[in-house]
**Student:** 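Once you've had a glance at the structure underneath, I'll fire off some questions.
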2 protein chains.
Amino acid sequence: MDVGKTEVARRLDAFKAAFKKAGVKLTHQRLEIFGEVAASVEHPDAEMVFRAVQARMPTVSLDTVYRTLWLLSELRLINPLGPRRESVRFDANLAKHHHYVCMQCGLTRDFESLALDTIRIPAAVKNLGSVVVMQVEVRGLCTNCAKPKTAKTRTKGTQQGRTEGRRR
Amino acid sequence: MDVGKTEVARRLDAFKAAFKKAGVKLTHQRLEIFGEVAASVEHPDAEMVFRAVQARMPTVSLDTVYRTLWLLSELRLINPLGPRRESVRFDANLAKHHHYVCMQCGLTRDFESLALDTIRIPAAVKNLGSVVVMQVEVRGLCTNCAKPKTAKTRTKGTQQGRTEGRRR
DNA sequence: CTGACTGCAAACCCTTTGCAGACCG
DNA sequence: CGGTCTGCAAAGGGTTTGCAGTCAG
């Protein structure tokens with residue numbers, strides 16, 4: 001249930017290199033925290049990481065875990081999962097469809113594709129559990145966010161935004 | 001930028017039928033709230049819906065919007081988007097991969113597939129924005145949750161769970 | 001040594017809940 | 001009319017932040 005030893009070692013090297021390059025300090029807790037995420041196959045959330053690290057280092061605090069996790073994301077050593085963390089969104093389109101999600105503003109749009117609807121799922125997935133839905137998620141920068149500076153043409157003013165100004 | 005008129009009408013019919021069948025009351029606010037989600041292509045969150053409905057019905061409260069949104073989900077008239085709402089999760093696997101997510105316990109696992117990595121994305125998506133990542137998300141019931149009752153064999157004890165007891 | 005980092009506690013934001021009055025059927 | 005719903009206000013849970021002491025480089 002763990003990531004292979006060699007793979008973890010490789011991730012740790014990338015970790016140290018990235019820290020050196022970014023010029024941030026390599027503290028004991030950062031190492032433990034990254035080690036935890038790198039060795040896990042569970043896609044843990046902050047609290048899971050916290051509990052695991054806490055076992056070996058009883059003084060860590062949950063906020064350090066959060067800060068470190070986001071730092072790691074910034075250095076592109078790990079990725080936050082799923083659509084941008086924020087509020088739950090709802091979808092009234094009950095037909096088969098797929099999603100395009102803007103990594104910057106969170107804009108989410110449906111798109112349809114017969115070809116994608118009929119994708120064959122690898123047999124190995126069967127070992128994980130039953131298959132109820134299969135959706136393709138495409139992430140990128142929406143045309144609006146891709147526009148150079150002067151982002152005056154905000155789509156309709158409402159909706160969409162609200163997602164940018166994250167991070168500390 | 002809206003859903004077609006006929007489609008909205010169809011969704012409204014399904015809505016009324018489902019309400020009658022479920023024996024829940026069809027109130028003014030519920031109708032407005034559903035209408036808002038059904039006509040939007042934005043996958044709004046509770047607050048977006050709230051603001052939109054509030055414009056036409058200044059007395060609605062945000063909590064009613066929440067309650068209605070979840071009610072609609074229960075009646076399968078809309079679907080909450082993305083992996084179960086809860087905390088952000090992180091992924092240290094930077095290689096191309098896809099996700100299997102259990103709809104009940106939130107368990108999330110990677111799986112690889114050359115075939116899936118090379119899927120051709122429909123040209124229409126280009127109009128939405130650039131493509132940075134393409135991932136297939138398979139949702140279903142993991143083997144553990146699928147087990148009849150006596151779910152004694154909890155995977156490793158830790159991780160995983162924490163996601164079930166949602167909803168009011 | 002010194003600025004970056006940590007732990008602590010308090011603040012925040014989104015979401016949920018208990019309760020009394022309002023309204024659908 | 002009666003039970004379901006709503007609005008209100010307050011509680012909850014996850015996440016973030018300001019501050020003073022601590023530690024990596």
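Because only heavy atoms are used, hydrogens play no part in the values below, and waters and symmetry mates are left out as well, while side chains stay in. Residue numbering restarts at 1 for every chain, and letters A, B, ... go by the order of the sequence lines.
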**Student:** Compute whether any side-chain donor of one residue and acceptor of the other, for B:His43 and A:Asp110, lie under 3.5 angstrom apart.
**Tutor:**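 Yes, a side-chain donor-acceptor pair sits under 3.5 Å.
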
**Student:** Ignoring backbone atoms, establish whether B:Thr27 has a side-chain N or O less than 4.0 Å from OP1 or OP2 of C:dC24.
**Tutor:**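 False: B:Thr27 side-chain N/O out of range (4.0 Å or more) of C:dC24 OP1/OP2.
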
**Student:** Would you kindly give the CG-to-P distance between A:Leu62 and C:dA10, to the nearest whole Å?
**Tutor:** 16 Å

**Student:** Once you round it to whole Å, what is the distance between C1' of D:dT17 and CH2 of A:Trp70?
**Tutor:** 15 Å

**Student:** Nearest of D:dA24, D:dT4, D:dC8 to any side-chain atom of A:Lys25?
**Tutor:**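 Given the options D:dA24, D:dT4, D:dC8, the side chain of A:Lys25 is closest to D:dA24.
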
**Student:** Looking at side-chain heavy atoms only, is the closest gap between B:Lys16 and B:Lys20 below 4.5 Å?
**Tutor:**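 When only atoms from C-beta onward are counted, B:Lys20 and B:Lys16 do not touch, as no gap falls below 4.5 Å.
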
**Student:** Using side chain to side chain contact (heavy atoms under 4.5 Å, CB included), reason through A:Phe19 and A:Leu71 one step at a time and then give a plain yes or no.
**Tutor:** CA-CA 10 Å; A:Phe19 264 52; A:Leu71 171 64; 4.0 Å; yes

**Student:** Tell me whether A:Met103 shares a hydrophobic cluster with B:Leu94, the cluster being built from Ile, Leu, Val, Met, Phe, Trp, Tyr side chains joined at under 4.5 Å.
**Tutor:** no

**Student:** Rounded to the nearest Å, what distance is computed from the CG atom of residue A:Leu69 to the C1' atom of nucleotide D:dG14?
**Tutor:** 13 Å

**Student:** Without decimals, in angstroms, what is the distance between B:Phe19 CZ and C:dG25 C1'?
**Tutor:**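 Rounded to the whole Å, the gap is 14 Å.
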
**Student:** Out of C:dT6, D:dG14, D:dT6, which nucleotide sits closest to the side chain of A:Glu47?
**Tutor:**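 Within the option list, the nearest is D:dG14.
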
**Student:** Where the side chain of A:Arg67 is concerned, which of D:dC5, C:dT6, C:dT17 is the nearest nucleotide?
**Tutor:**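 My answer, after comparing the listed nucleotides, is C:dT6.
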
**Student:** Specify the separation, in whole Å, of atom CG of A:Leu71 and atom P of D:dT16.
**Tutor:** 13 Å

**Student:** Between A:Ser61 and B:Leu26, which is nearer to the 5' end of DNA chain C once each is assigned its nearest nucleotide?
**Tutor:** A:Ser61

**Student:** Which of parallel (below 30°), tilted (30 to 60°) and perpendicular (above 60°) describes B:Phe34 and B:Phe15?
**Tutor:** parallel

**Student:** As a test of reading the structure: which of D:dC5, C:dG7, D:dG7 is closest to the side chain of B:Arg30, going by heavy atoms?
**Tutor:**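 So the nucleotide nearest the side chain must be D:dC5.
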
**Student:** Does OP1 or OP2 of D:dG7 have a side-chain N or O of B:Gln29 closer than 4.0 Å?
**Tutor:** yes

**Student:** Measure the distance from CZ on B:Phe90 to C1' on D:dG14 and round it to the nearest whole Å.
**Tutor:** 12 Å

**Student:** Take atom CG of A:Leu31 and atom P of D:dA24, then tell me their distance rounded to the nearest Å.
**Tutor:** 12 Å

**Student:** Can you tell me the distance, in whole Å, between the NZ atom of B:Lys16 and the C1' atom of C:dC24?
**Tutor:**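 Atom-to-atom, B:Lys16 to C:dC24, this comes out as 15 Å.
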
**Student:** Which listed nucleotide (D:dC5, C:dG7, C:dA4) is nearest to the side chain of A:Asp63?
**Tutor:** C:dG7

